[in-house]
Structure formats: C-alpha cells, structure tokens
Amino acid sequence: MSEVLLDVKGLKKYFTTKRGLLHAVDDVTFTIEKGKTLGVVGESGCGKSTTGRAILRLLEPTGGQVLFEGEDVAKLNAAQLRAKRKEMQIIFQDPFSSLNPRRTVSQTIEEPLKLHNVYPNEQERTQKVLEIMETVGLAERYVNTYPHELDGGRRQRIGIARALALDPKFIVCDEPVSALDVSIQAQILNLMGEIQEQRGLTYMFITHDLSVVNHFSDDIAVMYLGRLIEKAPSEVLFSNPVHPYTQALLSAIPIPKVGGKKDRILLKGEITSPINPEPICRFANRCQYATDRCRSEEPQLREIESGHFVACFLTE
Ligand code: SF4
C-alpha cells in the first residue's frame, strides 16, 4: 500500500501589506505519497511557490499543518528544523541567481555537507562531491569552474546536485526548467526522473507550464489566487478537467500534431484581489458559469471521484 510522505492540512500564508492582509496561500490541503510527484500549477501569483516555501519553512506559515512522515514541521524548533532540512530540499527556478558566483562547482555542492557536518573527512567529502556530480551528469573537469563559465543546463545541474548532496527524501522543484531553453528542459526533466527512480525521491514540482508537468507528475494540483481548486491523478486531470479554471488552462496548451486544434477558452473579467478577499469563489469574476451563489459563498474542495478533488459548486 502507498505511504503518505507529506500531509499538508489547511496551510495558510498571509502577508501584511499597506492595503491589508494578502492571502497568498489560503487553506491549502493535499498529500503526496512516497516516491511520487505532485505537479502544482497555476498562473503567476497563485501562491504555488509560496506554498512550496511555507512547506519547507523558508517562509513561516500563518496557519495549518505540514506533516512530514507524520511529524509537524511547523512545530520544530530551530535545531530540529535544521536537522529536518537534510530531508527536505529545494531546487530554484533561476540557477544563475541561486548560485553564489564566487563559489566553484565543488564548493557549492560541498557547502550543505559542511553545514550539516556530513562527511567531516575532507577526502571522503571530495569523493561524495564527485559522486553527486556524476549522478547529475557533470563531468569531473568542471569541479573548479564557476557558475558564469557554464551554460544554463549545467548550472541547473549544479542546483540539482546541491539539493541532492544530503540525500533528501523530498524536493520542492520550483519552476526548475522555466529559465532553460526548450532543448535543455527535456534533458533536465529526464535527469530528474532518473534520479527520482534511483533514489525513490518524492517531488513537489511547481510550474506555470501544464505541458511540462503532464508527463512528469503522478498527480496535479491546480491553484488559483491562493486556493487549491482541483487535484487529480495526472491522466484524469488531462482527460476530465472539471473546474472551469482548469479547463481554461488546459485549453491553452498547444496540440503538438499537424492539424491539431482545440477551442481555447479565453478568460475575461477582472482578477479578484487576494487582499482581504471575501468568502466567495475567487474565480467568479472570470467564470462563465458564475451564479449568485458563487458570489456569496466560497466553494470547498471535495472529492467527486476517487482521488479527484474539485472546489466548484457545479460539481454538486
Ligand atoms: Fe465558476 Fe461558481 Fe464554480 Fe466558481 S464556484 S468556478 S464561479 S461555477
């Protein structure tokens, strides 16, 4: 039977702004099973990256629970959190800005090993760095090179190597291929898939690009203005999207075959403000099916078939 690695319950992250409380992540609930990938998609500003950072406590959650192997990450003190970070890592979107330009490849990869005092013996540490480089397809000759001397693909391989250094169980991949050329994207995705298989890793794969997560994710969660509005196994979400926002997102993916054609759903209407939002459907202003109820009540996520969750009154 599959085992849940990450259980996120009612996660909230609010930011105080001059205009009020910005609900970046609002009552988000989902699980990820061991060894699986959850793709998290949505437009820029929907709260997907903030969710990833709040799970790792790179941002302190405002509320909710993050249970990692049953242990509430939000309750860990600084020392416990530091130890837990060995198991929960992140790969950032822009490899160039996330790497220290004054550190060589080996210095970057060995940094977490030193920080956590893993492999205190220098020779063993160097050996470990070389092993990780080999895992991510970085030739040994790059060991003393600096990020600016490498192309985008190799730089992202360093980012992946750094995340793998402590042998984590879970990695938040925050738009890991968005800054790369399309030809390099496929190489990095293949590499991440191979590493996941070899190590039994669990991924939360954040992207604005649904076509990227399609082949990569076991399940997909769709976010809109801080809310999780649909979650389903990948093939179910692609064959039977139920939430009107998911349908619009999918309609925008180009069909890669000659003569392929589908009707794109164009979203009109003003985007609701995430600052002090009213308890109504946040998609109502842009939804062609909106009724009075949608403008006076907030739909909750509910399971409409096994593993398929939707927050929309149309499903009732
Ligand atoms: Fe549209 Fe209403 Fe469903 Fe919201 S709850 S997505 S407004 S139909």
Side-chain angles (χ1 to χ4, degrees), residues 8-15 19-31 38-52 62-64 204 206-211 213-214 217 219-254 262-316:
V8 177
K9 294 181 177 176
L11 185 68
K12 294 187 175 83
K13 178 63 193 172
Y14 299 166
F15 295 97
R19 292 193 293 136
L21 214 50
L22 189 153
H23 292 220
V25 176
D26 217 352
D27 208 7
V28 165
T29 295
F30 61 81
T31 56
L38 173 71
V40 181
V41 299
E43 291 163 309
S44 160
C46 70
K48 52 194 189 306
S49 290
T50 308
T51 301
T62 307
M204 175 175 166
I206 297 166
T207 180
H208 65 280
D209 186 351
L210 260 169
S211 54
V213 280
N214 184 11
S217 306
D219 292 297
I220 296 179
V222 183
M223 289 188 68
Y224 186 79
L225 279 181
R227 303 280 288 180
L228 199 159
I229 51 105
E230 185 158 6
K231 181 183 179 241
S234 202
E235 65 281 4
V236 173
L237 192 104
F238 273 82
S239 60
N240 180 29
V242 170
H243 196 285
Y245 176 65
T246 312
Q247 291 171 354
L249 272 188
L250 287 177
S251 78
I253 300 177
K262 61 183 166 186
D263 293 332
R264 182 164 181 182
I265 303 168
L266 290 172
L267 293 176
K268 294 178 193 140
E270 206 179 310
I271 299 176
T272 305
S273 169
I275 295 175
N276 302 331
E278 289 176 70
I280 60 171
C281 178
R282 292 184 193 179
F283 188 59
N285 281 353
R286 302 167 86 189
C287 180
Q288 57 179 318
Y289 309 107
T291 63
D292 289 347
R293 185 182 180 195
C294 308
R295 296 190 181 89
S296 61
E297 206 183 313
E298 188 154 27
Q300 301 301 315
L301 202 65
R302 63 184 202 96
E303 196 167 17
I304 58 161
E305 57 181 320
S306 178
H308 192 172
F309 299 83
V310 186
C312 173
F313 294 129
L314 288 177
T315 63
E316 290 177 4

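Whatever order the structure lists them in is the order used to number ligands and atoms, beginning at 1. What you see below is based on every heavy atom in this structure, not just the backbone, and it leaves out hydrogens, waters and symmetry mates.
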*Considering heavy atoms of the protein only, find what lies nearest to atom 1 (Fe) of ligand 1 and give residue, atom and distance to 0.1 Å.*
Cys287 SG, 2.3 Å
*Return the residue, atom name and 0.1 Å-rounded distance of the protein heavy atom closest to atom 3 (Fe) of ligand 1.*
Cys312 SG, 2.3 Å
*Can you list the ligand 1 atoms lying under 4.0 Å from a non-hydrogen atom of Leu314?*
8 (S)
*Ligand-residue contact atoms, ligand 1 with His243, heavy atoms, under 4.0 Å*: 6 (S)
*Pro244 heavy atoms, cut-off 4.0 Å: which ligand 1 atoms fall inside?*
6 (S)
*For atom 2 (Fe) of ligand 1, grab the closest protein heavy atom and report residue, atom and distance to one decimal in Å.*
Cys294 SG, 2.3 Å
*Arg286 versus Tyr224, side-chain donor and acceptor atoms under 3.5 Å*: yes
_Heavy-atom nearest neighbour in the protein, as seen from atom 5 (S) of ligand 1, with distance rounded to 0.1 Å_ = Phe313 N, 3.5 Å
*Do any N or O atoms from the side chain of Arg302 and from the backbone of Thr315 form a donor-acceptor pair under 3.5 angstrom?*
yes
*asked:* Are there over 12 heavy-atom neighbours, none belonging to Glu270, within less than 6.0 Å of that residue's CD?
replied: no
_I'd like to check which ligand 1 atoms, numbered from 1 as shown, lie under 4.0 Å from a non-hydrogen atom of Ala290._
7 (S)
*From NE2 (His23) to NZ (Lys13), nearest 0.5 Å*: 12.0 Å
_Glu298 with Arg282: basic N within carboxylate O range, under 4.0 Å_ = yes
_Between CD1 on residue Ile304 and CD on residue Glu230, distance to nearest 0.5 Å_ = 6.5 Å
*Have a look at ligand 1 and work out which part of Arg293, if any, has a heavy atom under 4.0 Å from it: side chain, backbone, both or neither.*
neither
*Of the backbone and side-chain N, O or S atoms of Cys281, does one lie nearer to atom 4 (Fe) of ligand 1 than 2.8 Å?*
yes
*Please confirm whether the backbone N or O of Ile265 pairs with a side-chain atom of Ser251, one donor and one acceptor, at under 3.5 Å?*
yes
